[in-house]
Amino acid sequence: MFSSTPVIHIDPARTISRVDPRIYSGFTEHMGRCIYGGIYEPHNPNSLSDPYTGFRKDVLDALKELNVPIFRYPGGNFVSSYRWQDGVGPKHLRPRRPELAWLTEESNQFGTHEFMQFCKEMNAEPYICLNMGTGTLEDALAWLEYCNSSANTYYANLRRTNGHPEPYNVKYWSLGNEVWGPWQVGQMESQDYAKKAFQWAKALKLLDPKIQLISCGETGYADWDRVTLKKLVPVIDYHSIHIYTVSEGNHAVNVMGPAAAEKALEITKSLIDLAKIEAGSDKQVTVCFDEWNVWDPVRAPGEKGAEEHYDMSDALAVASWLNVFVRKADIVKIACIAQSVNVISPIITSPKGLFKQTTFYPLKLFATLMQGTSLNVHVSSPVYSGKTVPDWVEKLENKTGGDEKLTKFIDVSAVLSDARDEIRVAIVNKHATDAYTIPIRFGPACKVVGETVKVFEVWSPNLKDNNGWDGERVQTVEKEESWTGEYSVKRHSFQVLVFRIDVSS
Ligand code: AHR
(Lines give C-alpha, C1' and ligand atoms only; values in the text may rest on other atoms or scores of the structure.)
Protein backbone atom coordinates (compact mmCIF):
# COMPACT_ATOMS: atom_id res chain seq x y z
CA MET A 1 0.00 0.00 0.00
CA PHE A 2 1.27 3.46 -0.89
CA SER A 3 0.05 5.89 1.68
CA SER A 4 0.30 9.54 2.59
CA THR A 5 -0.13 8.44 6.22
CA PRO A 6 2.90 6.48 7.33
CA VAL A 7 2.50 2.98 8.77
CA ILE A 8 5.27 0.65 9.92
CA HIS A 9 4.86 -3.14 9.99
CA ILE A 10 7.45 -5.25 11.79
CA ASP A 11 7.44 -9.01 12.06
CA PRO A 12 10.31 -10.66 13.96
CA ALA A 13 9.82 -13.76 11.82
CA ARG A 14 10.83 -11.80 8.73
CA THR A 15 14.58 -11.64 9.20
CA ILE A 16 17.14 -10.36 6.69
CA SER A 17 20.49 -11.26 8.22
CA ARG A 18 22.59 -10.63 11.28
CA VAL A 19 23.79 -7.05 11.50
CA ASP A 20 27.55 -7.34 11.29
CA PRO A 21 29.01 -5.10 14.04
CA ARG A 22 31.81 -4.26 11.60
CA ILE A 23 29.45 -1.91 9.73
CA TYR A 24 30.27 0.58 12.49
CA SER A 25 33.98 0.71 11.62
CA GLY A 26 36.24 3.75 11.24
CA PHE A 27 38.99 5.13 9.06
CA THR A 28 42.16 7.00 10.02
CA GLU A 29 44.05 8.45 7.06
CA HIS A 30 47.19 10.55 7.03
CA MET A 31 45.12 13.48 5.89
CA GLY A 32 44.54 16.91 7.39
CA ARG A 33 44.29 16.62 11.20
CA CYS A 34 43.02 13.06 11.41
CA ILE A 35 46.27 11.52 12.69
CA TYR A 36 48.44 14.50 13.62
CA GLY A 37 46.47 16.78 15.94
CA GLY A 38 43.64 14.25 15.98
CA ILE A 39 44.42 10.88 17.50
CA TYR A 40 48.14 11.63 17.90
CA GLU A 41 49.50 14.79 19.51
CA PRO A 42 52.59 14.24 21.63
CA HIS A 43 53.41 17.27 23.81
CA ASN A 44 49.84 18.57 23.88
CA PRO A 45 50.15 21.89 25.77
CA ASN A 46 47.16 21.07 27.95
CA SER A 47 48.32 17.58 28.96
CA LEU A 48 45.53 15.95 26.97
CA SER A 49 47.87 13.34 25.50
CA ASP A 50 49.31 10.22 27.01
CA PRO A 51 52.98 11.02 27.78
CA TYR A 52 54.18 7.61 26.54
CA THR A 53 52.10 6.96 23.41
CA GLY A 54 51.30 10.54 22.37
CA PHE A 55 47.65 9.58 21.86
CA ARG A 56 45.01 12.14 22.71
CA LYS A 57 43.24 10.57 25.68
CA ASP A 58 40.05 12.60 25.16
CA VAL A 59 39.86 11.55 21.52
CA LEU A 60 40.31 7.88 22.34
CA ASP A 61 37.63 8.14 25.03
CA ALA A 62 35.18 9.71 22.58
CA LEU A 63 35.94 7.07 19.94
CA LYS A 64 35.44 4.33 22.53
CA GLU A 65 31.83 5.51 22.93
CA LEU A 66 31.33 4.55 19.28
CA ASN A 67 32.46 0.91 19.80
CA VAL A 68 34.54 1.01 16.62
CA PRO A 69 35.40 -2.61 15.70
CA ILE A 70 37.89 -1.95 12.84
CA PHE A 71 40.03 1.01 11.78
CA ARG A 72 41.17 1.31 8.16
CA TYR A 73 44.63 2.84 7.64
CA PRO A 74 46.71 4.69 6.28
CA GLY A 75 44.53 5.93 3.39
CA GLY A 76 42.68 6.78 1.28
CA ASN A 77 44.46 8.66 -1.43
CA PHE A 78 47.46 9.06 0.89
CA VAL A 79 48.39 5.40 0.57
CA SER A 80 49.10 5.58 -3.16
CA SER A 81 52.51 7.19 -2.63
CA TYR A 82 53.20 5.91 0.91
CA ARG A 83 56.35 3.97 1.79
CA TRP A 84 55.48 2.00 4.89
CA GLN A 85 59.18 1.43 5.59
CA ASP A 86 59.53 5.17 6.36
CA GLY A 87 57.12 4.83 9.27
CA VAL A 88 58.94 2.16 11.30
CA GLY A 89 62.10 2.20 13.41
CA PRO A 90 63.51 4.93 15.65
CA LYS A 91 61.47 8.09 15.22
CA HIS A 92 64.46 10.41 14.88
CA LEU A 93 65.63 8.41 11.86
CA ARG A 94 62.31 8.47 10.02
CA PRO A 95 62.48 10.55 6.85
CA ARG A 96 60.16 13.46 6.01
CA ARG A 97 58.70 12.96 2.55
CA PRO A 98 56.65 14.96 0.07
CA GLU A 99 53.05 13.75 0.20
CA LEU A 100 51.28 13.65 -3.16
CA ALA A 101 47.62 13.08 -2.30
CA TRP A 102 47.02 16.23 -0.28
CA LEU A 103 50.25 18.05 -1.28
CA THR A 104 51.70 18.25 2.19
CA GLU A 105 54.75 16.80 3.95
CA GLU A 106 54.68 13.52 5.86
CA SER A 107 56.80 13.38 9.01
CA ASN A 108 56.36 9.61 9.46
CA GLN A 109 56.26 10.05 13.23
CA PHE A 110 53.11 7.94 13.20
CA GLY A 111 53.49 4.63 11.35
CA THR A 112 52.69 0.95 11.57
CA HIS A 113 53.59 0.39 15.25
CA GLU A 114 51.75 3.51 16.39
CA PHE A 115 48.67 2.45 14.42
CA MET A 116 48.75 -1.05 15.90
CA GLN A 117 49.10 0.40 19.39
CA PHE A 118 46.16 2.72 18.71
CA CYS A 119 44.02 -0.24 17.60
CA LYS A 120 45.04 -2.20 20.69
CA GLU A 121 43.98 0.67 22.95
CA MET A 122 40.71 0.95 21.05
CA ASN A 123 40.11 -2.80 21.25
CA ALA A 124 39.67 -2.65 17.47
CA GLU A 125 41.08 -4.68 14.60
CA PRO A 126 43.52 -3.06 12.18
CA TYR A 127 42.75 -2.95 8.46
CA ILE A 128 45.61 -1.99 6.12
CA CYS A 129 45.13 -0.57 2.64
CA LEU A 130 48.07 -1.39 0.33
CA ASN A 131 49.82 1.05 -1.97
CA MET A 132 49.06 0.07 -5.56
CA GLY A 133 50.24 3.46 -6.87
CA THR A 134 53.99 3.82 -6.34
CA GLY A 135 54.16 0.61 -4.31
CA THR A 136 55.28 -2.74 -5.70
CA LEU A 137 54.12 -6.25 -4.89
CA GLU A 138 57.45 -6.69 -3.18
CA ASP A 139 56.68 -3.75 -0.84
CA ALA A 140 53.24 -5.19 -0.12
CA LEU A 141 54.63 -8.63 0.68
CA ALA A 142 57.28 -7.05 2.88
CA TRP A 143 54.59 -5.13 4.84
CA LEU A 144 52.52 -8.29 5.26
CA GLU A 145 55.60 -10.22 6.42
CA TYR A 146 56.51 -7.37 8.79
CA CYS A 147 53.05 -7.37 10.36
CA ASN A 148 52.08 -11.02 10.38
CA SER A 149 55.04 -13.36 10.11
CA SER A 150 56.45 -15.35 13.00
CA ALA A 151 59.23 -16.81 10.79
CA ASN A 152 62.96 -16.16 11.07
CA THR A 153 62.94 -13.89 8.00
CA TYR A 154 64.15 -10.37 7.29
CA TYR A 155 61.00 -8.25 7.76
CA ALA A 156 59.66 -10.36 10.64
CA ASN A 157 63.02 -9.87 12.33
CA LEU A 158 62.96 -6.16 11.57
CA ARG A 159 59.63 -5.92 13.43
CA ARG A 160 61.27 -7.70 16.39
CA THR A 161 64.23 -5.32 16.24
CA ASN A 162 61.75 -2.44 16.27
CA GLY A 163 60.28 -3.67 19.52
CA HIS A 164 57.42 -6.02 18.71
CA PRO A 165 58.37 -9.71 19.00
CA GLU A 166 54.85 -11.03 18.37
CA PRO A 167 53.19 -10.74 14.95
CA TYR A 168 50.33 -8.27 14.74
CA ASN A 169 48.17 -10.73 12.75
CA VAL A 170 46.44 -8.10 10.65
CA LYS A 171 43.46 -9.83 9.08
CA TYR A 172 42.15 -7.23 6.61
CA TRP A 173 44.21 -6.04 3.62
CA SER A 174 42.92 -4.13 0.65
CA LEU A 175 44.33 -4.01 -2.84
CA GLY A 176 44.73 -0.27 -3.42
CA ASN A 177 42.49 2.74 -2.98
CA GLU A 178 40.25 4.34 -5.65
CA VAL A 179 42.67 3.14 -8.33
CA TRP A 180 40.07 4.18 -10.93
CA GLY A 181 40.21 7.90 -9.94
CA PRO A 182 42.07 10.52 -12.00
CA TRP A 183 43.31 12.03 -8.70
CA GLN A 184 45.05 8.81 -7.76
CA VAL A 185 48.79 8.31 -8.05
CA GLY A 186 48.99 5.20 -10.23
CA GLN A 187 45.48 5.41 -11.74
CA MET A 188 44.67 2.35 -13.89
CA GLU A 189 42.13 1.02 -16.35
CA SER A 190 39.78 -1.57 -14.88
CA GLN A 191 41.22 -4.52 -16.85
CA ASP A 192 44.78 -3.58 -15.91
CA TYR A 193 43.89 -3.24 -12.25
CA ALA A 194 42.02 -6.55 -12.27
CA LYS A 195 45.00 -8.43 -13.73
CA LYS A 196 47.45 -6.81 -11.32
CA ALA A 197 45.25 -7.24 -8.24
CA PHE A 198 44.72 -10.90 -9.13
CA GLN A 199 48.48 -11.52 -9.07
CA TRP A 200 48.90 -9.55 -5.83
CA ALA A 201 46.09 -11.52 -4.20
CA LYS A 202 47.68 -14.85 -5.10
CA ALA A 203 51.07 -13.85 -3.70
CA LEU A 204 49.70 -12.25 -0.53
CA LYS A 205 47.63 -15.33 0.28
CA LEU A 206 50.67 -17.56 -0.33
CA LEU A 207 52.54 -15.61 2.32
CA ASP A 208 49.61 -15.59 4.76
CA PRO A 209 46.56 -17.69 3.85
CA LYS A 210 44.66 -16.43 6.91
CA ILE A 211 44.29 -12.84 5.66
CA GLN A 212 41.09 -11.50 4.12
CA LEU A 213 41.45 -9.49 0.93
CA ILE A 214 39.39 -6.54 -0.21
CA SER A 215 39.32 -5.50 -3.86
CA CYS A 216 39.19 -1.85 -4.87
CA GLY A 217 35.76 -1.11 -6.29
CA GLU A 218 34.23 2.20 -7.33
CA THR A 219 30.67 3.14 -6.36
CA GLY A 220 29.19 -0.33 -6.81
CA TYR A 221 27.15 0.86 -9.79
CA ALA A 222 30.11 1.48 -12.13
CA ASP A 223 31.48 -0.63 -14.96
CA TRP A 224 34.75 -0.75 -12.98
CA ASP A 225 32.92 -2.86 -10.39
CA ARG A 226 31.59 -5.29 -13.01
CA VAL A 227 34.97 -5.76 -14.69
CA THR A 228 37.05 -6.10 -11.54
CA LEU A 229 34.59 -8.41 -9.79
CA LYS A 230 34.49 -10.71 -12.81
CA LYS A 231 38.23 -11.32 -12.51
CA LEU A 232 38.72 -11.05 -8.75
CA VAL A 233 35.77 -12.88 -7.21
CA PRO A 234 37.69 -16.18 -6.80
CA VAL A 235 40.55 -14.53 -4.87
CA ILE A 236 38.90 -11.86 -2.70
CA ASP A 237 36.70 -11.85 0.38
CA TYR A 238 35.16 -8.38 0.09
CA HIS A 239 34.64 -5.80 -2.63
CA SER A 240 35.13 -2.23 -1.46
CA ILE A 241 32.92 0.63 -2.60
CA HIS A 242 32.95 4.35 -1.75
CA ILE A 243 30.17 6.92 -1.86
CA TYR A 244 29.98 10.39 -0.33
CA THR A 245 26.64 12.18 -0.36
CA VAL A 246 26.31 15.96 -0.70
CA SER A 247 23.65 18.42 0.33
CA GLU A 248 24.32 21.22 -2.15
CA GLY A 249 22.73 23.39 0.53
CA ASN A 250 19.42 21.55 0.14
CA HIS A 251 18.07 19.45 3.03
CA ALA A 252 16.04 17.08 0.83
CA VAL A 253 19.04 16.38 -1.40
CA ASN A 254 21.09 15.76 1.75
CA VAL A 255 18.78 13.22 3.37
CA MET A 256 17.77 11.47 0.15
CA GLY A 257 21.43 10.99 -0.85
CA PRO A 258 21.85 7.59 0.88
CA ALA A 259 19.18 6.18 -1.47
CA ALA A 260 22.00 5.92 -4.03
CA ALA A 261 23.99 3.79 -1.58
CA GLU A 262 21.00 1.48 -1.10
CA LYS A 263 20.72 0.98 -4.83
CA ALA A 264 24.51 0.63 -5.11
CA LEU A 265 24.43 -2.25 -2.62
CA GLU A 266 21.67 -4.01 -4.56
CA ILE A 267 23.63 -3.63 -7.80
CA THR A 268 26.91 -4.77 -6.23
CA LYS A 269 25.21 -7.84 -4.80
CA SER A 270 24.00 -8.71 -8.29
CA LEU A 271 27.43 -8.05 -9.82
CA ILE A 272 29.01 -10.37 -7.24
CA ASP A 273 26.40 -13.05 -8.02
CA LEU A 274 26.99 -12.63 -11.76
CA ALA A 275 30.78 -12.88 -11.34
CA LYS A 276 30.35 -16.01 -9.22
CA ILE A 277 28.08 -17.62 -11.79
CA GLU A 278 30.53 -16.80 -14.59
CA ALA A 279 33.50 -18.08 -12.58
CA GLY A 280 31.64 -21.15 -11.34
CA SER A 281 32.70 -19.99 -7.87
CA ASP A 282 30.91 -20.50 -4.58
CA LYS A 283 33.26 -18.13 -2.78
CA GLN A 284 31.59 -15.91 -0.21
CA VAL A 285 32.17 -12.30 -1.25
CA THR A 286 30.42 -9.41 0.45
CA VAL A 287 30.75 -5.62 0.47
CA CYS A 288 33.21 -3.58 2.47
CA PHE A 289 31.80 -0.02 2.21
CA ASP A 290 35.09 1.39 3.42
CA GLU A 291 34.41 5.07 2.77
CA TRP A 292 31.01 6.65 3.30
CA ASN A 293 29.73 9.89 4.76
CA VAL A 294 28.24 13.28 4.01
CA TRP A 295 30.95 15.34 2.32
CA ASP A 296 30.82 18.37 0.10
CA PRO A 297 34.41 18.75 -1.18
CA VAL A 298 33.63 22.28 -2.37
CA ARG A 299 32.55 23.32 1.14
CA ALA A 300 35.39 21.39 2.83
CA PRO A 301 38.21 20.71 0.32
CA GLY A 302 40.51 17.74 0.90
CA GLU A 303 43.63 19.87 0.44
CA LYS A 304 42.44 22.05 3.34
CA GLY A 305 41.79 19.07 5.61
CA ALA A 306 38.11 18.49 4.78
CA GLU A 307 36.88 19.75 8.15
CA GLU A 308 33.14 19.62 7.62
CA HIS A 309 31.00 21.31 10.27
CA TYR A 310 27.88 19.18 10.40
CA ASP A 311 24.36 20.34 11.28
CA MET A 312 21.03 18.75 12.19
CA SER A 313 20.29 17.96 8.55
CA ASP A 314 23.63 16.12 8.28
CA ALA A 315 22.82 14.10 11.41
CA LEU A 316 19.65 12.92 9.65
CA ALA A 317 21.65 12.09 6.50
CA VAL A 318 24.08 9.99 8.56
CA ALA A 319 21.19 8.21 10.31
CA SER A 320 19.70 7.49 6.87
CA TRP A 321 23.05 6.07 5.73
CA LEU A 322 23.10 3.74 8.74
CA ASN A 323 19.51 2.65 8.10
CA VAL A 324 20.69 1.56 4.65
CA PHE A 325 23.47 -0.58 6.14
CA VAL A 326 21.09 -2.26 8.60
CA ARG A 327 18.52 -2.94 5.87
CA LYS A 328 21.24 -4.35 3.63
CA ALA A 329 22.79 -6.48 6.36
CA ASP A 330 22.84 -9.47 4.02
CA ILE A 331 25.39 -7.88 1.68
CA VAL A 332 27.32 -5.21 3.60
CA LYS A 333 29.51 -6.75 6.29
CA ILE A 334 32.05 -3.96 6.85
CA ALA A 335 31.54 -0.21 6.53
CA CYS A 336 33.99 2.50 7.60
CA ILE A 337 32.81 6.03 8.18
CA ALA A 338 35.28 8.40 6.53
CA GLN A 339 36.85 9.55 8.64
CA SER A 340 37.22 9.13 12.40
CA VAL A 341 38.67 12.44 13.65
CA ASN A 342 38.64 16.02 12.29
CA VAL A 343 38.53 15.03 8.60
CA ILE A 344 34.81 14.78 7.61
CA SER A 345 34.41 13.40 11.07
CA PRO A 346 32.03 13.07 14.03
CA ILE A 347 34.74 14.50 16.34
CA ILE A 348 36.56 17.85 16.08
CA THR A 349 39.61 18.62 18.18
CA SER A 350 41.74 21.59 19.11
CA PRO A 351 44.76 21.58 21.43
CA LYS A 352 42.27 22.58 24.16
CA GLY A 353 39.76 19.73 23.77
CA LEU A 354 37.13 18.35 21.46
CA PHE A 355 33.48 18.60 20.59
CA LYS A 356 31.17 15.97 19.19
CA GLN A 357 29.52 16.89 15.94
CA THR A 358 25.79 16.36 15.34
CA THR A 359 26.62 13.18 13.41
CA PHE A 360 28.29 11.62 16.45
CA TYR A 361 24.94 11.02 18.11
CA PRO A 362 23.15 8.88 15.49
CA LEU A 363 26.39 6.98 14.97
CA LYS A 364 26.61 6.18 18.66
CA LEU A 365 22.95 5.12 18.83
CA PHE A 366 23.37 2.74 15.91
CA ALA A 367 26.66 1.30 17.17
CA THR A 368 25.20 0.59 20.59
CA LEU A 369 21.56 -0.28 19.86
CA MET A 370 21.23 -1.42 16.25
CA GLN A 371 22.92 -4.79 16.74
CA GLY A 372 21.32 -8.20 16.41
CA THR A 373 19.28 -9.43 13.45
CA SER A 374 18.02 -7.05 10.80
CA LEU A 375 14.27 -7.28 10.18
CA ASN A 376 12.47 -6.82 6.91
CA VAL A 377 10.35 -3.83 7.88
CA HIS A 378 7.46 -2.76 5.69
CA VAL A 379 6.93 0.99 5.58
CA SER A 380 4.16 2.91 3.89
CA SER A 381 5.15 6.53 3.69
CA PRO A 382 4.74 9.76 1.82
CA VAL A 383 7.47 9.96 -0.78
CA TYR A 384 9.78 12.78 -1.80
CA SER A 385 9.88 13.68 -5.46
CA GLY A 386 12.36 16.25 -6.66
CA LYS A 387 16.03 16.77 -7.25
CA THR A 388 18.42 14.07 -6.07
CA VAL A 389 22.19 13.74 -6.25
CA PRO A 390 23.01 11.64 -8.19
CA ASP A 391 20.11 12.45 -10.52
CA TRP A 392 19.56 8.82 -11.53
CA VAL A 393 17.83 8.20 -8.19
CA GLU A 394 15.10 10.65 -9.19
CA LYS A 395 14.82 9.08 -12.65
CA LEU A 396 14.53 5.53 -11.30
CA GLU A 397 12.00 6.63 -8.69
CA ASN A 398 9.66 7.94 -11.39
CA LYS A 399 9.15 4.41 -12.64
CA THR A 400 9.05 2.65 -9.29
CA GLY A 401 5.97 1.59 -7.31
CA GLY A 402 5.19 3.29 -3.98
CA ASP A 403 6.29 0.53 -1.63
CA GLU A 404 9.58 0.08 -3.44
CA LYS A 405 10.57 3.74 -3.45
CA LEU A 406 13.95 4.64 -2.04
CA THR A 407 12.96 8.20 -1.20
CA LYS A 408 10.34 7.72 1.50
CA PHE A 409 10.14 10.51 4.04
CA ILE A 410 9.83 7.93 6.80
CA ASP A 411 13.03 5.92 6.66
CA VAL A 412 13.19 2.89 8.95
CA SER A 413 15.36 -0.04 9.94
CA ALA A 414 14.76 -2.51 12.77
CA VAL A 415 16.63 -5.21 14.63
CA LEU A 416 15.69 -8.11 16.86
CA SER A 417 18.09 -8.29 19.80
CA ASP A 418 20.18 -11.44 20.21
CA ALA A 419 18.24 -12.31 23.35
CA ARG A 420 15.04 -11.96 21.26
CA ASP A 421 13.56 -9.79 23.98
CA GLU A 422 13.76 -6.41 22.27
CA ILE A 423 12.94 -4.91 18.92
CA ARG A 424 14.76 -1.65 18.23
CA VAL A 425 13.40 0.58 15.52
CA ALA A 426 15.45 3.41 13.99
CA ILE A 427 13.17 6.02 12.41
CA VAL A 428 14.30 9.06 10.45
CA ASN A 429 11.61 11.56 9.59
CA LYS A 430 13.31 13.28 6.67
CA HIS A 431 10.55 15.80 6.11
CA ALA A 432 11.71 19.35 6.83
CA THR A 433 8.34 20.61 8.07
CA ASP A 434 5.86 17.74 8.62
CA ALA A 435 5.48 15.77 11.83
CA TYR A 436 3.73 12.39 11.66
CA THR A 437 1.89 10.05 13.98
CA ILE A 438 2.88 6.56 12.86
CA PRO A 439 1.06 3.35 13.78
CA ILE A 440 3.65 0.63 14.40
CA ARG A 441 2.18 -2.84 13.96
CA PHE A 442 3.94 -6.01 15.01
CA GLY A 443 3.58 -9.53 13.58
CA PRO A 444 0.93 -11.85 15.07
CA ALA A 445 3.42 -13.83 17.18
CA CYS A 446 4.97 -10.74 18.75
CA LYS A 447 3.62 -8.85 21.77
CA VAL A 448 4.93 -5.62 23.19
CA VAL A 449 5.61 -6.12 26.89
CA GLY A 450 4.72 -3.30 29.27
CA GLU A 451 3.05 0.00 28.63
CA THR A 452 6.03 2.10 27.68
CA VAL A 453 8.66 2.34 25.00
CA LYS A 454 12.17 3.68 25.57
CA VAL A 455 13.08 6.42 23.10
CA PHE A 456 16.44 7.89 22.14
CA GLU A 457 15.79 11.05 20.13
CA VAL A 458 18.13 13.33 18.18
CA TRP A 459 16.39 16.55 17.32
CA SER A 460 16.82 20.28 17.19
CA PRO A 461 14.27 22.87 16.02
CA ASN A 462 16.41 24.26 13.21
CA LEU A 463 17.93 22.12 10.48
CA LYS A 464 20.99 24.34 10.52
CA ASP A 465 21.60 23.88 14.25
CA ASN A 466 25.05 22.50 14.88
CA ASN A 467 27.53 21.77 17.66
CA GLY A 468 30.71 23.73 18.29
CA TRP A 469 33.07 25.18 20.84
CA ASP A 470 30.16 27.15 22.30
CA GLY A 471 28.14 23.99 23.07
CA GLU A 472 26.37 20.98 21.63
CA ARG A 473 22.85 21.89 20.55
CA VAL A 474 22.22 18.56 18.84
CA GLN A 475 22.49 15.59 21.19
CA THR A 476 20.58 12.47 22.18
CA VAL A 477 17.65 12.86 24.56
CA GLU A 478 16.56 9.70 26.34
CA LYS A 479 12.93 9.30 27.46
CA GLU A 480 10.29 6.71 28.32
CA GLU A 481 6.95 7.23 26.54
CA SER A 482 3.65 5.46 27.03
CA TRP A 483 2.97 2.98 24.27
CA THR A 484 -0.41 3.31 22.57
CA GLY A 485 0.29 1.50 19.31
CA GLU A 486 1.51 4.59 17.50
CA TYR A 487 4.39 6.99 17.84
CA SER A 488 4.58 10.68 16.96
CA VAL A 489 7.78 11.80 15.28
CA LYS A 490 8.72 15.47 15.14
CA ARG A 491 9.58 17.16 11.87
CA HIS A 492 13.15 16.39 10.70
CA SER A 493 13.90 14.05 13.59
CA PHE A 494 15.76 10.84 14.30
CA GLN A 495 14.85 8.35 17.01
CA VAL A 496 15.52 4.80 18.08
CA LEU A 497 12.54 3.15 19.79
CA VAL A 498 13.31 0.19 22.04
CA PHE A 499 10.37 -2.16 22.56
CA ARG A 500 10.48 -4.99 25.06
CA ILE A 501 8.77 -7.91 23.38
CA ASP A 502 7.57 -11.43 23.85
CA VAL A 503 7.96 -13.60 20.76
CA SER A 504 6.20 -16.92 20.74
CA SER A 505 8.04 -19.13 18.26
O1 AHR B 1 38.25 10.28 2.81
C2 AHR B 1 38.82 11.29 2.03
C3 AHR B 1 39.27 10.81 0.66
O4 AHR B 1 38.16 10.53 -0.13
C5 AHR B 1 40.08 9.53 0.63
O6 AHR B 1 41.43 9.76 0.80
C7 AHR B 1 39.83 9.01 -0.75
O8 AHR B 1 39.92 7.61 -0.83
C9 AHR B 1 38.46 9.55 -1.12
O10 AHR B 1 38.42 10.11 -2.36
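Whatever order the structure lists ligands and atoms in, that order sets their numbers, starting from 1. Just so you know, residue 1 is the first one in the sequence shown, and it goes up from there.
- For the pairing with Asp86, the salt bridge (charged side-chain N to carboxylate O under 4.0 Å, His left out) check across Arg97, Arg94, Lys91, Arg96 returns one residue only, Arg97.
- Electrostatic pairing of Lys230 and Glu278 counts as a salt bridge here, judged by a charged N lying under 4.0 Å from a carboxylate O.
- Polar contact with ligand 1: present for Asn177 (N/O pair, distance under 3.5 Å).
- Note on Glu394 versus Lys387: no salt bridge recorded, every NZ/NE/NH1/NH2 to OD/OE distance being 4.0 Å or above.
- Ligand-side atoms of ligand 1 in range of Glu29: 5 (C), 6 (O), range being under 4.0 angstrom from any heavy atom.
- Of the protein's non-hydrogen atoms, the one nearest atom 1 (O) of ligand 1 is Tyr244 OH, 2.7 Å.
- Residue, atom and distance of the protein heavy atom nearest to atom 10 (O) of ligand 1 are Glu178 OE1, 2.7 Å.
- Every atom of ligand 1 with a heavy atom of Asn77 under 4.0 Å away is listed here by number and element: 5 (C), 6 (O), 7 (C), 8 (O), 10 (O).
- If you look at Trp292 next to ligand 1, there are no close heavy atoms at all, none under 4.0 Å.
- In summary, Asp290 and Arg72 engage in a salt bridge, as defined by a charged side-chain N under 4.0 Å from a carboxylate O.
- Ligand 1 lies within reach of Trp295, whose nearest heavy atom is under 4.0 Å from it.
- The protein non-hydrogen atom at the shortest distance from atom 8 (O) of ligand 1 is Glu291 OE2, 2.7 Å.
- Each of the following atoms of ligand 1 lies closer than 4.0 Å to a heavy atom of Met31: 2 (C).
- Residues Lys210 and Lys171 have side chains not in contact (no heavy-atom distance under 4.5 Å, counting atoms from C-beta outward).
- Under the 6.0 Å cut-off for aromatic ring centres, Phe494 and Phe366 qualify, their centroids lying closer than that.
- A donor-acceptor pair under 3.5 Å is absent between the side-chain atoms of Glu125 and the main chain of Tyr172, judged by distance alone.
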